Amino acid sequence: MTSSARPILNRRLAEFGTTIFAEMSALAATTGSINLGQGFPDTDGPEEIREAAVRALRDGRGNQYPPGPGVPELRTAIAAHQQRRYGLTYDPDTEVLVTAGATEAIAASLLALVEPGDEVVALEPYYDSYAACVAMAGGRRVPVTLRPHDGAFRLDLDELRAAVTDRTRLLLINTPHNPTGTVLTREELSAIAELAVERDLLVVTDEVYEHLVFDDAVHVPLATLPGMRERTVTISSAGKTYSYTGWKVGWVTAPPALVTAVRAAKQFLTYVSAGPFQYAVAEALNLPEDYFTALREDLRAKRDLLAAGLEKAGFAVFRPAGTYFITADIRPLGESDGFAFCRSLPERAGVVAIPNAVFYDHREEGAPFVRFAFCKRHQTLREAAERLAGLRHG
Ligand code: PMP
Ligand code: GLN
């Protein structure tokens with residue numbers, strides 16, 4: 001322990017304490033509350049995929065360091081998935097990189113591509129690790145705020161254009177978007193693409209919720225748009241799609257020069273991870289289309305169940321087009337501070353939610369919004385809705 005007055009945690013990370021997800025999951029555990037905070041399903045994914053992981057462990061596949069870029073079976077399955085779904089062709093040997101979840105893919109991309117002082121434009125509210133990783137890379141984050149408009153949080157394209165300066169290195173885009181549930185439209189994405197081409201920017205796109213879109217929403221990968229494949233690092237992960245968030249298998253697809261750069265950082269973060277799980281995820285990616293349809297249908301029903309419960313309890317609900325999160329406005333309940341609301345909710349109602357303000361630089365913009373995860377059993381969601389219904393007269 002140093003005796004100087006110098007803080008132990010360095011300046012780059014000083015503003016980042018414990019993540020809100022860890023804080024709120026701990027609160028749920030100590031208060032015995034229903035945890036609709038951190039986004040993880042309360043039932044495991046497909047049995048045959050778990051069995052595939054067990055088989056890999058038993059057969060000694062992946063029990064020692066897998067290859068740095070990921071096992072060939074998984075890289076091939078990732079490339080086949082991008083081709084089949086989106087018509088995007090990637091070479092499994094030079095254009096695919098397996099990472100420790102999307103989290104490492106984001107960190108490695110930013111550490112590899114951002115010079116100190118570079119500006120990174122990201123949609124606000126933003127997933128919490130973006131700000132921390134931009135800071136670790138020595139970059140400066142420039143948020144562009146999504147604002148409520150006709151029942152959804154929308155991007156103002158003029159604001160986005162105005163946020164780009166000569167110091168902008170990359171756009172960090174997330175669609176389907178956590179925490180708002182917005183799925184950017186083809187028109188919005190085309191405008192982003194035109195801007196990236198015009199200003200010669202790199203784009204890092206976090207598409208971990210690519211399969212979780214509802215009703216008539218369609219997920220369009222930015223890399224499919226004109227001029228984008230060569231400048232885009234596309235990130236996804238098995239956690240959400242297969243309901244195994246603890247396995248931490250993610251990936252990057254990008255042209256060779258970008259993959260090589262991201263790998264340069266990644267190899268000194270974890271080097272490799274999740275050996276046997278990589279084989280299981282390769283099988284998961286090859287599941288027939290029915291799997292994805294059933295997953296979406298199940299989550300859509302859960303969304304509707306929780307949305308109805310929240311509305312009945314008095315919240316104003318932003319019905320998400322994608323992800324497994326609902327953002328709700330607490331002002332109709334006579335509240336305005338999402339932080340205070342979420343900290344008191346376990347005691348008042350036995351439910352845990354996340355204050356959206358943590359995902360904002362402009363905290364006041366996010367203050368009245370809170371996020372509920374609906375990737376839980378129907379019974380759990382019904383119980384949570386009943387508990388929340390007591391708030392008004394609590
Ligand atoms: N990006 C977003 C938008 C997320 O919501 C999450 C996690 N829930 C991640 C990245 C991290 O994914 P992983 O668990 O694969 O690291
Ligand atoms: N992505 C998950 C969420 O938004 C949490 C993952 C984490 O705890 N880092 O809830």
Side-chain angles (χ1 to χ4, degrees), residues 16-29 35-42 45 70 74 78 97-110 122-134 146 153 172-184 204-213 219 221-222 233-253 266 269-270 273-274 277-278 280-281 284-285 299 320 322-327 342 352-360 366 369-376:
F16 307 102
T18 305
T19 86
I20 192 70
F21 305 117
E23 180 189 339
M24 288 299 172
S25 283
L27 190 60
N35 188 358
L36 304 187
Q38 193 175 27
F40 61 89
D42 61 353
L74 178 54
I78 292 165
L97 174 67
V98 176
T99 55
T103 306
E104 188 194 33
I106 294 160
S109 300
L110 293 169
L123 307 183
E124 174 185 74
Y126 44 73
Y127 181 58
D128 69 340
S129 83
Y130 299 176
C133 290
V134 170
L146 305 182
F153 284 79
L172 177 50
I173 303 295
N174 170 216
T175 183
H177 183 261
N178 178 9
T180 62
T182 291
V183 177
L184 295 176
V204 174
T205 156
D206 177 345
E207 304 184 0
V208 298
Y209 298 101
E210 61 185 313
H211 289 282
L212 310 188
V213 292
H219 171 66
L222 261 168
V233 174
T234 303
I235 292 173
S236 195
S237 140
K240 324 289 163 186
T241 304
Y242 303 107
S243 300
Y244 286 117
T245 59
W247 289 9
K248 298 296 287 189
V249 177
W251 52 85
V252 163
T253 47
K266 181 260 179 322
L269 294 173
T270 56
S273 59
F277 296 125
Q278 291 193 26
V281 171
L285 280 161
L299 281 169
T323 78
Y324 44 48
F325 303 112
I326 290 179
T327 284
C342 288
V352 161
I354 301 285
N356 284 27
V358 297
F359 306 122
Y360 286 78
F369 305 119
V370 300
R371 191 195 82 176
F372 295 90
F374 56 82
C375 45
K376 309 291 174 182

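Values below: all heavy atoms of this structure, side chains included; hydrogens, waters and symmetry mates excluded. Remember, it's a predicted structure, so these values are computed and weren't measured experimentally. Order of listing sets the numbers, starting from 1, for every ligand and every atom in it.
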Looking only at atom types and distance, does a side-chain atom of Y242 sit under 3.5 Å from a main-chain N or O of A284, one as donor and one as acceptor? yes
Output yes when a side-chain donor or acceptor of N174 lies under 3.5 Å from a complementary backbone atom of P176, and no otherwise. yes
Would the distance check show the side chain of H177 and the main-chain N or O of P125 forming a donor-acceptor pair, the cut-off being under 3.5 Å? yes
Counting only N and O atoms by type, is there a donor-acceptor contact under 3.5 Å from the side chain of Y244 to the main-chain atoms of G45? yes
Looking only at atom types and distance, does a side-chain atom of K248 sit under 3.5 Å from a main-chain N or O of A238, one as donor and one as acceptor? no
Sub-4.0 Å heavy-atom contact, F40 with ligand 2: no
Nearest protein heavy atom to atom 8 (O) of ligand 2, by residue and atom, and its distance? Q38 NE2, 2.6 Å
Between the main-chain N or O of L184 and the side-chain N or O of T175, is there a donor-acceptor pair closer than 3.5 Å? yes
for atom 9 (N) of ligand 2, nearest protein heavy atom and its distance come out as Y127 OH, 3.2 Å
F369 and F153: aromatic ring centres closer than 6.0 Å? yes
Indicate yes or no for a side-chain donor-acceptor contact from Q278 to the backbone of S273 under 3.5 Å, with no hydrogens or angles considered. yes
Contact residues of ligand 1 with a heavy-atom cut-off of under 4.0 Å? G101, A102, T103, I106, Y127, N174, N178, D206, V208, Y209, S237, K240, K248
I'd like to know whether ligand 2 has T19 as a neighbour, heavy-atom separation below 4.0 Å. no
Looking at F21, Y209, F325, the heavy atom closest to atom 5 (C) of ligand 2 belongs to F21
Please state which part of M24 comes within less than 4.0 Å of ligand 2, counting heavy atoms only: side chain, backbone, both or neither. neither
Would the distance check show the side chain of N356 and the main-chain N or O of R371 forming a donor-acceptor pair, the cut-off being under 3.5 Å? yes
Give a yes or no on whether the backbone of G250 and the side-chain of T99 come within a donor-acceptor separation of less than 3.5 Å. yes
Closest to atom 2 (C) of ligand 2 (judged by heavy-atom distance), picking from G39, P179, G239, S237: G39
Can you tell me which portion of T103 lies within the under-4.0 Å heavy-atom range of ligand 2? Options are side chain, backbone, both, or neither. neither
Please confirm whether K240 comes under 4.0 Å of ligand 2, counting heavy atoms of the residue only. yes
